[in-house]
4 protein chains.
Amino acid sequence: MGEEVGFLGLGIMGKAMSMNLIRHGFKVTVWNRTLSRCDELVEHGASFAETPAAVVKKCKYTIAMLSDPSAALSVVFDKDGVLEQMCSGKGYVDMSTVDSDTSSKISEAITSKGGCFLEAPVSGSKKPAEDGQLVILAAGEKKLYEEALPAFDVMGKKSLFLGQVGNGAKMKLVVNMIMGSMLNAFSEGLILADKSGLNTQTLLDVLDLGGIANPMFKMKGPTMIQKSYSPAFPLKHQQKDMRLALALGDENAVSMPVAAAANEAFKKARSMGLGDLDFSAVYEAVKFPENSS
Amino acid sequence: MGEEVGFLGLGIMGKAMSMNLIRHGFKVTVWNRTLSRCDELVEHGASFAETPAAVVKKCKYTIAMLSDPSAALSVVFDKDGVLEQMCSGKGYVDMSTVDSDTSSKISEAITSKGGCFLEAPVSGSKKPAEDGQLVILAAGEKKLYEEALPAFDVMGKKSLFLGQVGNGAKMKLVVNMIMGSMLNAFSEGLILADKSGLNTQTLLDVLDLGGIANPMFKMKGPTMIQKSYSPAFPLKHQQKDMRLALALGDENAVSMPVAAAANEAFKKARSMGLGDLDFSAVYEAVKFPENSS
Amino acid sequence: MGEEVGFLGLGIMGKAMSMNLIRHGFKVTVWNRTLSRCDELVEHGASFAETPAAVVKKCKYTIAMLSDPSAALSVVFDKDGVLEQMCSGKGYVDMSTVDSDTSSKISEAITSKGGCFLEAPVSGSKKPAEDGQLVILAAGEKKLYEEALPAFDVMGKKSLFLGQVGNGAKMKLVVNMIMGSMLNAFSEGLILADKSGLNTQTLLDVLDLGGIANPMFKMKGPTMIQKSYSPAFPLKHQQKDMRLALALGDENAVSMPVAAAANEAFKKARSMGLGDLDFSAVYEAVKFPENSS
Amino acid sequence: MGEEVGFLGLGIMGKAMSMNLIRHGFKVTVWNRTLSRCDELVEHGASFAETPAAVVKKCKYTIAMLSDPSAALSVVFDKDGVLEQMCSGKGYVDMSTVDSDTSSKISEAITSKGGCFLEAPVSGSKKPAEDGQLVILAAGEKKLYEEALPAFDVMGKKSLFLGQVGNGAKMKLVVNMIMGSMLNAFSEGLILADKSGLNTQTLLDVLDLGGIANPMFKMKGPTMIQKSYSPAFPLKHQQKDMRLALALGDENAVSMPVAAAANEAFKKARSMGLGDLDFSAVYEAVKFPENSS
């Protein structure tokens, strides 16, 4: 293809994503706060720029994959940041996972300079990033979405355009809310099985054969039974997403009693000091007190 | 293989299951209350007997697949029923879906005659039965389970032995409880998406791409959006299973707040007159009042 | 008044109640399984009979206040029991707290002999019984209710006629369900106050001054704060009543999400081994884990 | 006593409260945005000042009873406002019901001028204000609380000092959360009674005679049965308080499943368009669909 794309942020995710772009023939100009992280990409054919501003100056559109809201803001607003070179005809695609306030703030700044903005948080972690199997939840400027689609097609298995800025974040909240309720239902089922004299591993097998089989049950079930909660997604973040989803429901007068009950279980888990473990540790709160054999 | 197996009950499920046995070389002797339903099986090579007793007399073990508890009891206890010929060395495998009281009653009668008993309810409906893709939840006499395993392997993709009589029914309750809570979480998510300005079809797409993708969401989602609730599994039966699962939890002092909240939503749906529709009609109860565009 | 009334059962409650009848001029004939318990009543002017049958023979209507369902059944159905002398023109008023099945069984037996039946469980314990301050929830034969009203007026501060047999028990379930939910709300409030840096005793003071002030908060609050749960009403009985109230709701398709959530908390308390403590011990389940200062 | 007290805000509440001060011999200087509202007070012996600043200049401490946060802020920060004359040795007692942010903002401004601040929201409406029967939840400067106590004693039946600024608002949230859960439990009980064939008025009578009798059930019960929801406390405000109480619980990791279930019912009521009715209209959401006779 030969398209010129900027890429800011070469952490675990960003490195894998930009590598996929290079492999598929995109001309990529990279920048990272710790510049040495650019070396490997350059070896594979990337160009390198000294500042975010320099990347933006050189490329028609620039993708960012930063670790958190403050990094996302800093790359845009700081000296030598994105804003300094943003202008009409250029685009900025923020694929970081940030809250909708951060996203709106960046969106306003970019558009006030005449640029186009797209938020595009992803679903999927390291492995899907390496395999180009991410799911991309884009929202904002449709034109920029279409322009970036060839890049999205290389980084993800699927990209969706969700309308106005903020919808990407909302979609993630809805999905995570369903996920959190499901994990509670799953926990309750495991405990009910155990206390009723059924084998929990057998329950996992039965679940995996039926109409509600899903990757989460398959992956988390065995570790939950072993009380192993090394954090893939910290419980406190899951509970925060439940809270935000319930707040979104409050704004829109949506009654969600099952999500509310699940949220209270996550809060109980937090009060037990499990907030930094994997979100599947809610199982411990559901099954307390553990007096089964 | 050439093994001799009896088969009682040739409804939609029983016909498909016995046909699979015949196809794989089992010598099957069939009986059905409406005798004419035996004809097709006989054409394909089955033998035929005039009464359940006659089937049992002829075969080492006999499988039953009846429509409900009263049919299951009648085939065993009535004149010319299973009990009349049951004796040491013979086995009886009831694959009907019955409550645990019915199952226990049959179990006691069979064993008091010296026979072996196995309950073996299945997960899956017409299509999996035809394709030999059922999941079989067996409980009772282990020896008989092993004896029947070749037949199970032909009728199902997987069979599990769950221990003592009653465990098959309990396992179904646990699974259906998780399923009912998940369907509520899914309904709440669809409504939250809709009221928050997101497209519900897009939510289905996103869910289907991620870690909680499952056949139920994929199958029920589109019909729920279209308000189409033709009953695959009637809501009142789902609610009954939630109630029984919660009662099982009560017996064993298991607190299940998410399942309890889901159960109340199913009850609300019943009070709206939706009990005979598909269990996915709980969506209507969750989203009431419908004032979205 | 000089009316002739039979009285069966002179436990703590029955003794206090029959004493009030005597004090107010009723002619009372008493019987008790342990006959010596009759002595004190006789000293105060009661007559005495050797069997329940003898009491019924002598009196136009007979009141029973037995300790539990089996005692209530035995007094009616055993040799020399109530049934032997029951006949048209006589009445039987069972004020024991029994389940509705027991009540129905007694009702049918009495009416099949031509007699009139009234169930009349009471609200209130020893002190209100002594002070004639019970609340009487009567159901069954209206005519008998009216006949017994002068006696009720002496034993209670208020009696209510609730219609057909069974309604007395149902009314108690509804009241106890509200009570159980309130106690959970109260527990949650105490914990929220404590964890938010407010003084729990002050919360009790504020509650007692406002629109939701009630005797239960006033009585249970101080003991809950002191973790003192000497059983006035055992938690396992409260949870049983919640379960039965929810089952009554299930029969009638009434969705009760708050009661369901409260019930799950009582179940959690049971799983913590608190079933034999006072029902206010649910506070311990709600506040677990206790890590506040 | 003859103490000199300022009073800002002569709405329904403020007029009744200041009148009580005058009646009990306080020398009161009043101000109100609409000055004519001062006339009646002046006739009864109050002094009058043209601005909040003038009141503060004249009095050792000044009480404010404004309608909402914006009025409360304006009286302090606007030209001729409280701040202009605030100085060491003077006190400001804000008895308005405001959020804790507003309270903190005012507190900081007053103390930065050297003055003392007390928040003192009240429980009770018009009638208790007239009768001097308010409950006063004071928090902030203890010294000022003691100074204002004689005035509090005249306006209220009870005043409590709750510690640091913000605790008054928190205490109200806890109380209102308990109240909201109780009202839901009450609604569920009324519906369960009705659908089970019991008379709802009789339930009210029974409740009023027992251990959970409280003024709210007594007052709201009859109007709820009549579907009369003229707003004493609007449902949307009650739901907001539930939300804020749950948020306070979230901050402090307090799990409150019963309050959460109650909150979802209030949200359902909002979605039915009942937000501006009395908070007891949640009864309509709980009992929907109404198909009882």
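All values derive from a computational prediction rather than experimental measurement. Throughout, protein chains are lettered first and strands after them, A, B, ... in sequence-line order, and every chain is numbered starting at 1.
- Looking only at heavy-atom pairs under 4.5 Å with chain A, the residue among B:Val254, B:Leu207, B:Leu192, B:Val206 that has the most is B:Leu192.
- Remark: the A:Gln201 side chain and the A:Asp205 side chain contain an N/O donor-acceptor pair separated by less than 3.5 Å.
- Your options are B:Leu248, B:Leu162, B:Val286, B:Leu173, and the one with the most heavy-atom pairs under 4.5 Å with chain A is B:Leu248.
- Using a 4.5 Å cut-off between heavy atoms, B:Val175 contacts chain A through both its backbone and its side chain.
- Chain A forms more heavy-atom pairs under 4.5 Å with one residue of B:Ala213, B:Gly249, B:Ala260, B:Ser255 than with any other, namely B:Ala213.
- The backbone N or O of A:Ser280 sits less than 3.5 Å from a side-chain atom of A:Asp278, completing a donor-acceptor pair.
- When each of B:Met179, B:Met171, B:Lys157 is scored by its heavy-atom pairs under 4.5 Å with chain A, the top score falls to B:Met171.
- Contact of B:Leu137 with chain A is made through the side chain alone, with heavy-atom distances under 4.5 Å.
- Remark: side-chain polar atoms of A:Ser181 are not paired, donor with acceptor, to backbone N or O of A:Ile178 under 3.5 angstrom.
- A donor-acceptor pair under 3.5 Å is formed between the side chain of B:Thr111 and the backbone N or O of B:Ser107.
- In terms of modelled atom types and a separation under 3.5 Å, the side chain of B:Glu188 and the main chain of A:Ala259 share a donor-acceptor contact.
- Both the backbone and the side chain of B:Asn167 come within contact range of chain A, judged by heavy atoms closer than 4.5 Å.
- When atom types are taken as modelled, the side chain of B:Asn20 and the backbone of B:Ala129 share a donor-acceptor pair closer than 3.5 angstrom.
- In this structure, chain A has heavy atoms under 4.5 Å from both the backbone and the side chain of B:Val258.
- Between A:Phe233 and A:Phe279, the two ring planes are perpendicular [angle over 60°; tilted spans 30° to 60°].
- Both the backbone and the side chain of B:Leu209 come within contact range of chain A, with heavy atoms under 4.5 Å apart.
- Side-chain atoms of B:Glu119 never come within 3.5 Å of backbone atoms of B:Gly140 as a donor-acceptor pair (strictly under, hydrogens ignored).
- When B:Ala262, B:Gly189, B:Ser196, B:Ala139 are compared by the number of non-hydrogen pairs under 4.5 Å with chain A, B:Ser196 comes out ahead.
- At least one donor-acceptor pair closer than 3.5 Å links the side chain of A:Tyr145 to the backbone N or O of A:Ser159.
- With chain A as partner, the option from B:Asn184, B:Thr202, B:Ile212 having the largest number of non-hydrogen pairs under 4.5 angstrom is B:Ile212.
- With a threshold of 4.5 angstrom between heavy atoms, B:Ala265 does not approach chain A through any atom at all.
- Interface check for chain B: of the options A:Gly211, A:Gly166, A:Ala185, the most heavy-atom pairs under 4.5 Å are formed by A:Gly211.
- Heavy atoms of B:Leu160 lying under 4.5 Å from chain A belong exclusively to its side chain.
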